[in-house]
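Just so you know, residue 1 is the first one in the sequence shown, and it goes up from there.
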Amino acid sequence: MLKRILTLVLLLTSIAASAQSRRTKEFDQKLFDAKLAEMVYQLDITDSQKKAFAPIYESYCREIRSAWNATMASMPQGRANDKDASVERVKKRIKLQEQAQSIRLRYTDKLAEVLTPKQLSKFFSVEDNIQKRLQERKQRSQRQRRSANR
């Protein structure tokens, strides 16, 4: 009997994890589609440019997200007034910025093959603006959840 219960719990856990993974992939795809649409609009990208731009932009986003996730996973935890943890967090953020700059430099040539000089000069400011708005939205959502849980 205990064996059956454990098997059932394990099965339900794996089903829940699979559903969570599927929801995450769906969310990531919707987020990318929205970012791509914003880029197309802001940079005035033509349909023919979009066909070449989309896979480059998707690869760029994937690399940036991967660098971000790796940094956040290794980010030291601790209180804000814990000097060692605080110093380590600052160093991690600086390393992340260096990684992001490296990725941006690598993709500049790829983007230049598809975008006009005017579009290219605007690309990173539009990308930064998108990221800033996403971060603000995430912070607002977190504040609302915290206030609702009080």
Nearest 0.5 Å please: distance from the [atom1] atom of [X] over to the [atom2] atom of [Y].
| X | Y | atom1 | atom2 | result |
| --- | --- | --- | --- | --- |
| Leu31 | Glu26 | CG | CD | 13.5 Å |
| Leu96 | Gln101 | CG | CD | 10.5 Å |
| Leu111 | Glu113 | CG | CD | 9.0 Å |
| Thr108 | Ile103 | OG1 | CD1 | 11.5 Å |
| Phe32 | Arg65 | CZ | CZ | 9.5 Å |
| Lys92 | Gln99 | NZ | CD | 9.5 Å |

Give the minimum heavy-atom separation between [X] and [Y], together with the two atoms involved.
| X | Y | result |
| --- | --- | --- |
| Gln49 | Thr46 | OE1-N, 2.9 Å |
| Ala112 | Leu120 | CB-CD2, 3.8 Å |
| Val126 | Met39 | CG1-SD, 3.6 Å |
| Phe124 | Arg104 | CE2-CG, 3.4 Å |
| Lys35 | Cys61 | NZ-SG, 3.7 Å |

| Are a donor atom and an acceptor atom from the side chains of Ser141 and Arg145 found within less than 3.5 Å of each other? |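 Their side chains do contain a donor-acceptor pair, which is all the 3.5 Å distance test asks for.
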| query | Does any donor atom in the side chain of Glu127 or Gln131 lie under 3.5 Å from an acceptor atom in the other side chain? | reply |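 Gln131 and Glu127 do have a side-chain donor-acceptor pair below 3.5 Å.
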| said: Any heavy-atom pair between the side chains of Leu36 and Tyr41 that's under 4.5 Å? | reply: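 Not in contact.
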| said: Measuring only between side-chain heavy atoms, which start at C-beta, is Lys138 closer than 4.5 Å to Leu134? | reply: no
Keeping [X] on the side-chain end and [Y] on the backbone end, is there a donor-acceptor pair under 3.5 Å?
| X | Y | value |
| --- | --- | --- |
| Ser125 | Lys122 | yes |
| Ser66 | Arg62 | no |
| Gln119 | Thr116 | yes |

| query | Can you tell me if CG on Asp47 sees more than 12 non-hydrogen neighbours from other groups inside 6.0 Å? | reply |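 No, because the 6.0 Å sphere around CG of Asp47 holds 12 heavy atoms or fewer from other groups.
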| message | Surrounding NZ of Lys50 (heavy atoms of other residues, nucleotides or ligands, distance under 6.0 Å), is the total greater than 12? | response |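 Incorrect, the count does not exceed 12.
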| field | Step-by-step ring-ring contact (aromatic ring centres under 6.0 Å, His included) determination, Tyr60 to Phe123 | value | CA-CA 12 Å; Tyr60 167 81; Phe123 172 81; 5.7 Å; yes
| task | Answer yes or no: is there an ion pair linking Arg133 with Asp128, defined by an N-O contact shorter than 4.0 Å? | result | no
| said: Do Ile64 and Phe27 land in one hydrophobic cluster if side-chain heavy atoms of ILVMFWY residues count as linked below 4.5 Å? | reply: yes
| message | Taking the ring centre of each residue, are Tyr107 and Tyr57 less than 6.0 Å apart? | response |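 No, the ring centres sit 6.0 Å or more apart.
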